[in-house]
Novice: 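Quick one: structure below, then a few questions.
Nothing fancy with the numbering, it's 1 onward along the sequence.
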Amino acid sequence: DGPARATRFTGALALGVARGANSLTGAAAAAGALSMPWDRFTLPHGHALILAAYTALLTFASTLEGRALRAWTTGGTAVALSVVAGASVPMLPRISWAEAPLVPLALLLGSLVAASRTRSDASGPGGCAMGPVIRAGVFGFLLVDAVWLFGTGRFDAGFWLVLVYVAMRLLLLRARS
């Protein structure tokens, strides 16, 4: 990690790879290491890749905190994070409720876009702050996983992740007021 943090890009990439490898390790443990098909691309590989890309983008965006930013920068980051999170939807198997993954994805997009519109006095007149986008994106890991769970038919687990996400966001709002 130390040498990777020499630049913003390599640091973000290293953290993304670590997060993706962590996800892939969990998938291998759940499937049984011997039954995991390592010679071809599967759904767990795709989810690990999505998590790696989401983490790398979020980490790179976090290096912009404290800078004077235009609304299109924070808004573009919010949309890019949502697009990366939704990249798994075409890979998901067709289940009885095929639109289910769009529920947590819409919640993620809405919370990221709302966070991107947060104004900051530190960013100059009319400037936007990246901090709220980063916080929403970190909590958004729950929703990225919920997209995958809903898309694979694990509605109960996906529903609990969405509930935990909403509860955490409400608790934070309450704590700040």
Novice: Rounded to the nearest 0.5 Å, what's the gap from CG on Leu172 to CZ on Arg135? Could you check?
Specialist: 9.0 Å
Novice: Determine whether Phe150 and Leu109 fall in the same hydrophobic cluster, where Ile, Leu, Val, Met, Phe, Trp and Tyr are linked whenever their side-chain heavy atoms lie under 4.5 Å apart.
Specialist: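 Each belongs to a different hydrophobic cluster.
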Novice: Find out if a path of hydrophobic residues (ILVMFWY) with successive side-chain heavy-atom gaps under 4.5 Å connects Phe139 to Val166.
Specialist: yes
Novice: Atom CG of Leu149 and atom CG of Leu92: how far apart are they, to the nearest 0.5 Å?
Specialist: 10.0 Å
Novice: Under 4.5 Å between side-chain heavy atoms, hopping through other hydrophobics if needed: is there a path connecting Val103 to Val83?
Specialist: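 In one cluster: no.
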Novice: Rounded to the nearest 0.5 Å, how far apart are CG of Leu161 and CZ of Phe141?
Specialist: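 One gets 13.0 Å once the value is rounded to the nearest 0.5 Å.
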Novice: Out of curiosity, Ser62 OG to Met130 CE, how far, rounded to the nearest 0.5 Å?
Specialist: 9.0 Å
Novice: Hey, what do you get for CG (Leu49) to CE (Met91), rounding to the nearest 0.5 Å?
Specialist: 7.0 Å
Novice: Hey, any chance Leu57 and Trp72 share a hydrophobic cluster, counting ILVMFWY side chains that come within less than 4.5 Å of each other, even indirectly?
Specialist: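 No, separate clusters.
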Novice: Which of these passes side-chain contact (heavy atoms from CB on, under 4.5 Å) with Val133: Thr77, Val113, Leu58?
Specialist: Thr77
Novice: What about Val144 and Val164, same hydrophobic cluster or not, with Ile/Leu/Val/Met/Phe/Trp/Tyr joined at side-chain heavy-atom distances under 4.5 Å?
Specialist: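 Yes, Val144 connects to Val164 through the hydrophobic network.
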Novice: How many angstroms lie between OG in Ser116 and CD1 in Ile134, if you round to the nearest 0.5 Å?
Specialist: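 Answer rounded to 0.5 Å: 11.5 Å.
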